[in-house]
Amino acid sequence: MPDLQSQSKIASEPTAAAAEVATAVAAARVIAVVNQKGGVGKTTTAINLAAALALEGLPTLLIDCDPQSNATGGLGVARDEARLSAYDVLTGSVELKEALQPTAIAALTLLPGSRNMIGANLELVGQERREFRLRDALESVRNSYPFIILDCPPALDLLTLNALVAADGLLVPMQAEYFALEGITELMQTLDQVAQSFNPTLALEGVLLTMYDDRTNLSQQVTENLRAFFGEKLLATTIPRNIRLAEAPSHGKPVQLYDPRSKGAEAYTALAVELLRRNGIASPKAAQKASGAASVGNNGSNTGLPRFWPYNK
């Protein structure tokens with residue numbers, strides 16, 4: 001196994017280059033879903049975590065930072081290169097609010113991706129504040145969303161750098177496999193460098209095990225290795241292999257709408273609840289349920305009896 005103990009955690013020492021972002025106070029919790037390795041469930045996690053947070057009653061914004069635009073298609077928003085997208089926002093052509101798209105979940109809003117974003121890596125190279133484009137664009141909407149989720153491309157390019165500079169926390173999906181464990185050491189080194197150079201407030205939100213099968217010795221060994229290094233940053237929630245998770249994007253739906261009773265849907269709901277708990281944020285949905293249960297329990301004549309529609313009679 002790679003020696004994770006020899007790798008440093010995300011640095012938090014501010015530098016002169018990052019002084020301006022150190023003083024920024026964000027209303028929203030901006031979480032970048034990132035891993036330079038492909039096929040670990042980044043987009044699946046971004047879509048379904050955003051949907052789960054929205055279904056808990058929290059207005060949530062999902063930003064598709066990947067030129068493949070899989071998060072856009074996975075929410076049922078057709079790919080259209082003529083439509084305003086994250087590319088137009090990054091290049092400064094439009095304000096972020098102008099490019100937002102509604103989704104099938106009322107509390108979930110999408111900033112779609114575009115293949116044009118491939119060119120952004122080249123177009124922004126000579127521009128001022130090229131690393132801060134996304135962070136600057138988010139300032140106009142941070143007060144509108146408790147959570148903003150960034151779906152990053154599987155590469156450490158300028159698009160991913162913009163996401164890392166804009167983020168408050170990093171959610172790292174990974175499989176419990178040897179090569180994935182090797183890759184995370186490189187990722188942690190990159191995150192250290194970004195934190196030191198551009199974003200001193202950057203923190204690790206958590207490491208999420210995806211496509212997880214706890215029956216294998218390798219999975220258990222990798223899990224223990226990660227737990228020894230990351231401690232509580234290794235999330236208690238794991239995402240199992242689930243056919244419904246794989247099917248949902250082809251229907252343009254998050255798994256919570258495609259099959260809310262599937263193990264995949266339950267896992268991402270549990271992930272949302274865990275992140276809310278870790279951030280000390282109450283779930284409006286849970287509060288509503290508790291209020292409803294208390295209301296029924298205080299009604300002496302109806303205690304323990306089934307309720308029938310219409311409920312107000």
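Sequence positions, counted from 1, serve as the residue numbers for this chain.
S69 places a side-chain N or O within donor-acceptor distance of the main-chain N or O of S114, the cut-off being under 3.5 Å. Between the K233 side chain and the L204 main chain, a donor and an acceptor come within less than 3.5 Å of each other. Remark: side-chain polar atoms of D88 are not paired, donor with acceptor, to backbone N or O of S93 under 3.5 angstrom. D136 places no side-chain N or O within 3.5 Å of a backbone atom of R133 that could act as its donor or acceptor partner. Here the side chain of D168 pairs a donor or acceptor atom with the backbone of V30 at under 3.5 angstrom. With hydrogens and angles ignored, the 3.5 Å screen pairs a side-chain donor or acceptor of N162 with a backbone N or O of L158. Looking only at distances, no side-chain donor or acceptor of T160 sits under 3.5 Å from a matching main-chain atom of C152.
Counting heavy atoms from C-beta outward, L134 and V165 have side chains that stay 4.5 Å or more apart. Put simply, the side chain of S262 reaches to within 4.5 Å of the side chain of V255, judged on heavy atoms.
Between E247 and R244 a salt bridge is recorded (basic side-chain N to carboxylate O distance below 4.0 Å).
Between the OG1 atom of T60 and the CG atom of L49 there is a distance of 8.0 Å, given to the nearest 0.5 Å. In this structure, CG in L245 is found 6.5 Å from OG1 in T44, a value given to the nearest 0.5 Å. In this structure, the separation between CG on L61 and CG on L150 is 8.0 Å, given to the nearest 0.5 Å. Atoms CG and CD, on L202 and Q196 in that order, are 11.0 Å from each other to the nearest 0.5 Å. Atoms CG and CD1, on L275 and I31 in that order, are 5.5 Å from each other to the nearest 0.5 Å. Residue L208 holds its CG atom at 10.0 Å from CE of M174, rounded to the nearest 0.5 Å.
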Between L58 and L276, does the side-chain contact (heavy atoms from CB on, under 4.5 Å) criterion hold? Intermediate values first, please. CA-CA 10 Å; L58 296 161; L276 290 176; 3.2 Å; yes
Stepwise side-chain contact (heavy atoms from CB on, under 4.5 Å) check, L164 with L191: CA-CA 8 Å; L164 299 184; L191 300 185; 3.8 Å; yes
For side-chain contact (heavy atoms from CB on, under 4.5 Å), just list the numbers for V89 and V94, CA-CA rounded to whole Å, side-chain angles, deciding distance to a tenth of an Å, and then say yes or no. CA-CA 5 Å; V89 174; V94 298; 4.2 Å; yes
Do R227 and E224 pass the salt bridge (charged side-chain N to carboxylate O under 4.0 Å, His left out) test, and can you show the C-alpha distance, the side-chain angles, and the key distance before you say yes or no? CA-CA 5 Å; R227 184 174 291 114; E224 289 307 313; 2.7 Å; yes
I would like to know whether V222 and Q175 meet side-chain contact (heavy atoms from CB on, under 4.5 Å); could you show each step before the answer? CA-CA 9 Å; V222 170; Q175 292 178 259; over 6 Å; no
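Minimum interatomic distance between S140 and A137 (heavy atoms only, all atoms of both residues): OG-O, 3.3 Å. Of all non-hydrogen atoms in L55 and Q256, the two that sit nearest each other are CD1-CB, 3.5 Å. When every heavy atom of E266 is checked against every heavy atom of P260, the shortest pair comes out as CG-O, 4.5 Å. When all heavy atoms of P154 and Q68 are compared, the pair lying nearest together is CD-NE2, 3.9 Å. Nearest heavy atoms, V33 versus P173: CG1-CG, 3.6 Å. The two atoms that bring P153 and P67 nearest to each other are CB-CD, 4.2 Å, heavy atoms only.
Here the rule is side chain to side chain donor-acceptor pair (under 3.5 Å) with T43, and of N70, D66, D151 only D151 fits it.
Atom CZ of R115 is surrounded by 12 or fewer heavy atoms from other residues, nucleotides or ligands within 6.0 Å. More than 12 non-hydrogen atoms from other residues, nucleotides or ligands lie less than 6.0 angstrom from CD of E81. Under a cut-off of 6.0 angstrom, the local environment of CD in E95 is sparse, with at most 12 non-hydrogen atoms contributed by other residues, nucleotides or ligands. Within a 6.0 Å sphere centred on CD of E128, heavy atoms belonging to other residues, nucleotides or ligands number 12 at most.
A single hydrophobic cluster is seen to contain both L209 and V34, as judged by linkage of ILVMFWY side chains at heavy-atom distances under 4.5 Å, directly or through other members. Under a hydrophobic-cluster definition in which Ile, Leu, Val, Met, Phe, Trp and Tyr are linked whenever side-chain heavy atoms come within less than 4.5 Å, directly or via other members, I149 and L110 are assigned to the same cluster. A single hydrophobic cluster is seen to contain both L90 and I148, as judged by linkage of ILVMFWY side chains at heavy-atom distances under 4.5 Å, directly or through other members. Note on L84: it does not cluster hydrophobically with V77, by side-chain heavy-atom contacts below 4.5 Å among ILVMFWY residues. Both F230 and V172 are members of a single hydrophobic cluster when ILVMFWY side chains are connected at heavy-atom separations under 4.5 Å.
Between the side chains of T237 and Y268, no donor-acceptor pair of N or O atoms lies under 3.5 Å. When only modelled atom types and interatomic distance are considered, E131 and N199 share no side-chain donor-acceptor pair under 3.5 Å. With no hydrogens or angles considered, no side-chain donor-acceptor pair links D214 and T216 at under 3.5 Å. With 3.5 Å as the limit, one finds no donor-acceptor pair spanning the side chains of N121 and R130. Of the N and O atoms on the side chains of T72 and D64, at least one donor lies less than 3.5 Å from an acceptor on the other residue.
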